[in-house]
There are 2 protein chains.
Amino acid sequence: MQSFTEENYLKTIYHLSQVNESPVQTNAIAEKMQTRAASVTDMLKKLFDKQLIDYKKYQGVTLTTHGETVAIGVVRKHRLWEVFLVEKLQFRWDEVHEIAEELEHINSAALVERLDEFLGFPKRDPHGDPIPNRDGIFEPSLNVNLHQIPKGNYAVIIGVSEHSPAFLRHLEKLELTIGVVLELIEITEYDGSVELLVNNKKINISREVAQHILVNRKETV
Amino acid sequence: MQSFTEENYLKTIYHLSQVNESPVQTNAIAEKMQTRAASVTDMLKKLFDKQLIDYKKYQGVTLTTHGETVAIGVVRKHRLWEVFLVEKLQFRWDEVHEIAEELEHINSAALVERLDEFLGFPKRDPHGDPIPNRDGIFEPSLNVNLHQIPKGNYAVIIGVSEHSPAFLRHLEKLELTIGVVLELIEITEYDGSVELLVNNKKINISREVAQHILVNRKETV
DNA sequence: AATAATTTTTAGATTAGACTAAATTTACAA
DNA sequence: TTGTAAATTTAGTCTAATCTAAAAATTATT
Ligand SMILES: [Mn+2]
Ligand SMILES: [Mn+2]
Ligand SMILES: [Mn+2]
Ligand SMILES: [Mn+2]
């Protein structure tokens with residue numbers, strides 16, 4: 001069994017090796033976990049002794065099969081609880097991450113399985129991220145963002161790649177939430193900002209915002 | 001804010017001062033928490049510094065108003081989560097305590113209030129224990145046990161005063177669960193064991209078991 | 001009241017996880 | 001290839017929570 005802290009390190013290493021490639025560097029972990037490199041090194045030794053990571057001094061780390069299993073288990077719990085909070089307790093999508101950071105460490109296999117069933121075995125969390133099933137299998141992550149849609153085309157919002165409450169509330173205010181269908185009118189050449197038609201209103205969003213909105217291209221309205 | 005450990009100490013002190021009277025003794029806390037008296041003393045100093053308990057060396061402890069508020073908050077969360085596990089996730093009443101011991105430390109006021117609402121503001125947990133409301137107010141604890149019912153009378157089971165899985169599974173096997181109506185046929189003089197009519201079956205239970213079953217006396221069947 | 005038993009506290013260690021400062025290794029550029 | 005910058009590890013502390021063993025205080029018993 002792992003401590004909360006160990007689980008958080010494993011989850012961080014997992015996420016970092018998803019975005020960039022492995023091996024994951026000490027400093028990257030330290031930055032993501034808001035801690036110091038020296039603390040990370042201490043923990044890496046411990047995780048290595050427990051055979052949760054492969055680690056050679058100065059060479060970065062990768063998760064072992066066992067370590068990845070644990071990490072995916074934590075991610076599964078995190079995302080299932082986020083679904084619970086939004087679907088059953090009516091939280092908004094910008095409020096759930098922080099609470100799920102705590103709930104993801106509750107340690108009961110039966111609880112996770114029953115929660116999954118209670119929620120109807122959801123495949124995606126409220127931010128569009130895939131939920132691993134009991135065996136750790138999950139759908140691919142979304143990878144088409146709004147900035148990649150050709151002008152004149154339609155798209156439906158299916159997720160986000162940035163999870164800060166500030167960003168999510170910003171989208172909420174713009175009525176850019178999951179399921180919303182929009183038309184891409186123009187991508188400004190100068191700064192990459194994007195003009196959209198959403199709910200019959202024309203709006204403008206920055207390139208950065210557009211790139212964090214994940215979409216499915218739609219053939220028709 | 002308190003650590004998990006501090007919350008557990010406060011909850012234990014609270015429960016001990018409910019059954020016996022205050023002040024609560026160091027050894028009683030140590031026994032209930034499966035730890036050593038020396039560890040308890042250390043923690044008592046810390047809780048005193050945080051003004052969560054009144055404490056004089058060798059004289060035992062009582063919760064301050066603030067300490068009691070925290071303790072009741074933890075109890076509230078524990079019992080709400082137990083209701084959730086039984087009512088929504090179909091756990092049995094003997095499986096929920098251990099999981100609730102973890103969930104009770106999740107730290108989000110909004111979560112507790114929304115969970116309470118989601119569950120329909122329950123007044124009792126799956127073992128018949130009262131659930132404090134948002135202001136810490138709760139119904140009185142149940143205090144009539146099966147051993148106190150006069151022979152020939154009817155009673156309905158409304159709670160238990162012992163929460164071990166072994167005891168709860170024993171009751172389950174005997175079909176003595178909450179809501180069940182029974183007739184008390186005889187209390188044996190020799191050993192205090194009790195003969196009951198439950199679901200048209202005559203059964204015998206020990207005095208100890210009978211005393212841990214909390215009931216409402218019923219006028220008629 | 002004196003002594004014995006019980007309870008509680010203190011003293012001194014230990015472990016997990018974190019930190020700062022210093023040393024070491026690796027990477028990169030002149 | 002050599003020197004410097006960046007990344008990483010080591011060394012030494014710190015705090016929270018625990019422990020054992022010993023000392024002190026309280027309570028019970030003669
Ligand atoms: Mn999240
Ligand atoms: Mn999410
Ligand atoms: Mn319980
Ligand atoms: Mn209960």
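Quick caveat, the model's predicted, so the values are computed rather than measured. The analysis underlying the following values was restricted to heavy atoms, covering all of them including side chains, and did not include hydrogens, waters or symmetry mates. Numbered from 1 within each chain, the chains take letters A, B, ... in sequence-line order.
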Participant: Roughly how many Å is it from CD in A:Glu6 to P in C:dA16, rounded to a whole number?
Facilitator: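 One finds 9 Å between P of C:dA16 and CD of A:Glu6, rounded.
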
Participant: Side chains of B:Ile99 and B:Phe91, heavy atoms from C-beta outward: is any pair under 4.5 Å?
Facilitator: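 Heavy-atom side-chain distance check passes, below 4.5 Å.
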
Participant: For B:Lys151, look at atom NZ and say whether over 12 heavy atoms of other residues, nucleotides or ligands are found less than 6.0 Å away.
Facilitator: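 No.
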
Participant: Would you classify A:Phe4 as touching base, sugar-phosphate or nothing, given that sugar-phosphate means primed atoms plus P, OP1 and OP2, and contacts are heavy atoms under 4.0 Å?
Facilitator: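 Result for A:Phe4 = nothing.
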
Participant: Looking at D:dT20, I'd like to know if its phosphate oxygens (OP1 or OP2) sit under 4.0 Å from a side-chain N or O belonging to B:Arg36.
Facilitator: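 For D:dT20, OP1 or OP2 has a side-chain N or O of B:Arg36 closer than 4.0 Å.
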
Participant: Which residues in residues 47-63 of chain A have at least one heavy atom lying under 4.0 Å from any atom of DNA chain D?
Facilitator: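 Contacting residues: A:Tyr55, A:Lys57, A:Tyr58.
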
Participant: In whole Å, I'd like the distance from the CE atom of B:Met43 to the P atom of D:dT15.
Facilitator: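 Checked: the CE to P distance equals 16 Å.
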
Participant: Under 4.0 Å between any heavy atoms, over every strand shown, what does B:Thr41 touch: base, sugar-phosphate, or nothing? Just pick one.
Facilitator: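 Here B:Thr41 touches the bases of the nucleic acid.
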
Participant: What do you reckon, is CD of B:Gln18 surrounded by more than 12 foreign heavy atoms closer than 6.0 Å?
Facilitator: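 Result for CD/B:Gln18: enclosed.
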
Participant: What is the distance, rounded to the nearest whole Å, between atom CG of B:Asn27 and atom P of C:dT9?
Facilitator: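 My rounded result for the distance is 9 Å.
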
Participant: Rounding to an integer number of Å, can you tell me how far B:Leu44 CG sits from C:dT7 P?
Facilitator: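 Distance, rounded to whole Å: 16 Å.
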
Participant: Just how far, in rounded Å, is C1' of C:dA11 from CG of B:Asp42?
Facilitator: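 The distance from CG of B:Asp42 to C1' of C:dA11 comes to 10 Å, rounded to the nearest Å.
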
Participant: Set out, in order, the CA-CA distance, both residues' side-chain angles and the distance that settles salt bridge (charged side-chain N to carboxylate O under 4.0 Å, His left out) for B:Lys77 and B:Glu82, then state yes or no.
Facilitator: CA-CA 9 Å; B:Lys77 286 189 279 181; B:Glu82 284 190 345; over 6 Å; no

Participant: Distance check: side-chain N/O of A:Thr26 vs OP1/OP2 of D:dT9, anything under 4.0 Å?
Facilitator: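 Yes.
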
Participant: Looking at every strand, decide which applies to B:Ser39 at a 4.0 Å heavy-atom threshold: base, sugar-phosphate, or nothing.
Facilitator: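 If one applies the 4.0 Å heavy-atom cut-off, B:Ser39 turns out to touch a base.
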
Participant: Figure out the NZ/C1' separation between B:Lys45 and C:dT10, and round it to whole Å.
Facilitator: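 Result: 7 Å.
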
Participant: Checking A:Lys88 against A:Phe118: charged group under 6.0 Å from the ring centre and within 45 degrees of the axis?
Facilitator: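 The answer is yes; both the distance and angle limits are met.
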
Participant: Should B:Gln25 be listed as having a side-chain N or O under 4.0 Å from OP1 or OP2 of C:dT8?
Facilitator: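 Indeed, a polar side-chain atom of B:Gln25 lies that close.
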
Participant: Under 4.0 Å: is that the gap between some side-chain N or O of A:Ser3 and OP1 or OP2 of C:dA16?
Facilitator: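 No, A:Ser3 has no side-chain N/O under 4.0 Å of OP1/OP2 on C:dA16.
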
Participant: Could you point out which residue of A:His97, A:His15, A:His105, A:His127 forms a ring-ring contact (aromatic ring centres under 6.0 Å, His included) with A:His78?
Facilitator: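 Among A:His97, A:His15, A:His105, A:His127, the one that satisfies the ring-ring contact (aromatic ring centres under 6.0 Å, His included) with A:His78 is A:His97.
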
Participant: Give a yes/no on whether any side-chain N or O of B:Tyr9 is located under 4.0 angstrom from OP1 or OP2 of D:dT18.
Facilitator: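 True: B:Tyr9 side-chain N/O within range (under 4.0 Å) of D:dT18 OP1/OP2.
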
Participant: Do the side chains of A:Tyr9 and A:Thr35 get nearer than 4.5 Å, heavy atoms only?
Facilitator: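 Yes. Closest side-chain heavy atoms under 4.5 Å.
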
